Every structure is written in structure tokens, then in C-alpha cells.
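Okay, structure first, notes after.
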Amino acid sequence: MIKSEDEVRKFGTTLGKQLEPNAVLALIGDLGTGKTTLTKYIAEGLGIKERIVSPTFTIVHEYRSGRLPLFHFDVYRLESAEDLFEIGAEEYFYAGGVSVVEWADQVAEILPDETLCIFLEYGKNEGERIYRCTF
């Protein structure tokens, strides 16, 4: 259980420090569960210096100032997994960086088999989140 933004930061930065090249991280959760906030702290753990913002309208943002590049996807507006394939997602997945995909359940069939998943849910109290990880 994540009880505060400080705990999100600790979890995200620790994860970012541990991720290897070509890691694909799927974030799955309702609106407002903190997918972009978690991505911000993963980026911090990777040493990314740029400000992390949601790529809702551009689908993907690239950040290259850290120990590994970060490719941040928001696939909420895509019609299908095929749309993600058409923008070259597979090239990003194997470009030596870390790919974080928000709303990944919408494109699950195109994600690599070794994708790491985090399911984000609301906790019982205000500001609490539950992270269920497949790794």
C-alpha cells in the first residue's frame, strides 16, 4: 500500500534505478490513480532531468538526459493496439531505453512478453494507492 507521495517517490525512484535497457513497464489503472506521477519518479530514478508531462495528445514523449532514455507512452486515445504498432512502438521497446506505457491494458496484445505490469488502484483513504506488480 502506498500511503503518500513520498512513498510513491521512494518506490518509483528505486524502480527507476533498477530498470535495465529495453524494459517495458505497463501501468494499468483508472483515471487519477497516479500513472503519470509514478512515471515522474521512475524518470527521477533513471536520472532524467526534463520535466515529465503526460503525452496524452502526442502519444509518446522521449527523454534522453538519464542513464537510459525514457519513452513515455499514453495510449488512452488510441483506437487499437494496431495504432501503437503503426507509430513504431516496437522500435522504442528495443531501442535500449525504458518504455513506460500508461493505459497499457488497451494495447496489451502488442506489448512484449517480458513486460512488467503495475496495476494501480485507489486505497481506502484519501491519497492512498495500491500497487499490484507482476515482478
Side-chain angles (χ1 to χ4, degrees):
M1 169 117 22
I2 302 292
K3 295 186 179 188
S4 67
E5 189 160 344
D6 285 341
E7 290 183 16
V8 175
R9 183 179 203 166
K10 182 178 180 182
F11 177 84
T13 55
T14 300
L15 180 58
K17 290 174 183 175
Q18 296 172 349
L19 291 170
E20 305 270 330
N22 298 325
V24 178
L25 189 60
L27 303 184
I28 301 165
D30 291 335
L31 190 65
T33 53
K35 295 177 293 295
T36 301
T37 299
L38 177 56
T39 302
K40 175 175 77 171
Y41 292 125
I42 291 168
E44 186 177 302
L46 288 167
I48 302 289
K49 302 300 182 205
E50 295 101 325
R51 181 173 170 262
I52 304 300
V53 295
S54 178
T56 301
F57 296 102
T58 58
I59 310 303
V60 63
H61 283 164
E62 298 180 28
Y63 304 94
R64 298 186 177 271
S65 63
R67 70 173 179 86
L68 297 172
L70 172 65
F71 309 118
H72 181 200
F73 295 83
D74 182 330
V75 300
Y76 182 77
R77 296 189 177 278
L78 294 183
E79 297 289 323
S80 70
E82 184 66 28
D83 292 344
L84 186 60
F85 181 79
E86 288 177 10
I87 67 164
E90 285 188 318
E91 293 174 27
Y92 283 106
F93 296 161
Y94 301 104
V98 171
S99 296
V100 175
V101 183
E102 295 189 28
W103 302 99
D105 51 320
Q106 296 184 186
V107 296
E109 62 267 27
I110 195 175
L111 298 176
D113 291 342
E114 60 276 4
T115 296
L116 308 171
C117 295
I118 301 177
F119 296 87
L120 296 88
E121 302 170 2
Y122 291 106
K124 290 182 181 178
N125 298 314
E126 181 78 25
E128 287 183 345
R129 299 294 183 266
I130 299 168
Y131 291 177
R132 289 185 297 115
C133 303
T134 63
F135 53 93

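No experiment lies behind these values; they were computed from the predicted model shown. Because only heavy atoms are used, hydrogens play no part in the values below, and waters and symmetry mates are left out as well, while side chains stay in.
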Exercise for review: Classify the angle between the aromatic ring planes of His72 and Tyr63 as parallel (below 30°), tilted (30 to 60°) or perpendicular (above 60°).
Suggested key: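 Plane angle between 30° and 60°, so tilted.
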Has the side chain of [X] got a donor or acceptor atom that lies under 3.5 Å from a matching backbone atom of [Y]?
{"X": "Asn22", "Y": "Gly96", "result": "yes"}
{"X": "Lys35", "Y": "Trp103", "result": "no"}
{"X": "Glu128", "Y": "Asn125", "result": "yes"}
{"X": "Ser65", "Y": "Lys49", "result": "yes"}
{"X": "Thr36", "Y": "Ser54", "result": "no"}
{"X": "Thr14", "Y": "Phe11", "result": "no"}
{"X": "Arg9", "Y": "Ser4", "result": "no"}

Can you confirm whether [X] is buried at [atom1], in the sense that more than 12 heavy atoms of other residues, nucleotides or ligands lie under 6.0 Å from that atom?
{"X": "Phe85", "atom1": "CZ", "answer": "no"}
{"X": "Glu79", "atom1": "CD", "answer": "no"}
{"X": "Phe135", "atom1": "CZ", "answer": "yes"}
{"X": "Glu86", "atom1": "CD", "answer": "yes"}

Point-to-point distance, once rounded to the nearest 0.5 Å, from [atom1] of [X] to [atom2] of [Y]:
{"X": "Thr39", "Y": "Ile52", "atom1": "OG1", "atom2": "CD1", "result": "8.0 Å"}
{"X": "Leu25", "Y": "Ile42", "atom1": "CG", "atom2": "CD1", "result": "5.0 Å"}
{"X": "Ile87", "Y": "Leu78", "atom1": "CD1", "atom2": "CG", "result": "6.0 Å"}
{"X": "Leu27", "Y": "Thr33", "atom1": "CG", "atom2": "OG1", "result": "8.5 Å"}
{"X": "Glu102", "Y": "Asp74", "atom1": "CD", "atom2": "CG", "result": "5.0 Å"}
{"X": "Arg77", "Y": "Thr58", "atom1": "CZ", "atom2": "OG1", "result": "11.0 Å"}

Point to revise | salt bridge (charged side-chain N to carboxylate O under 4.0 Å, His left out) partner of Glu5, the single match among Lys40, Arg129, Lys10 | key: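 Exactly one option meets the salt bridge (charged side-chain N to carboxylate O under 4.0 Å, His left out) with Glu5, and it is Lys40.
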Review point. Taking all atoms of both residues into account, what is the closest heavy-atom pair of Val107 and Ala81, and its distance?
Key: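 Heavy-atom minimum between the residues: CG1-CA, 3.7 Å.
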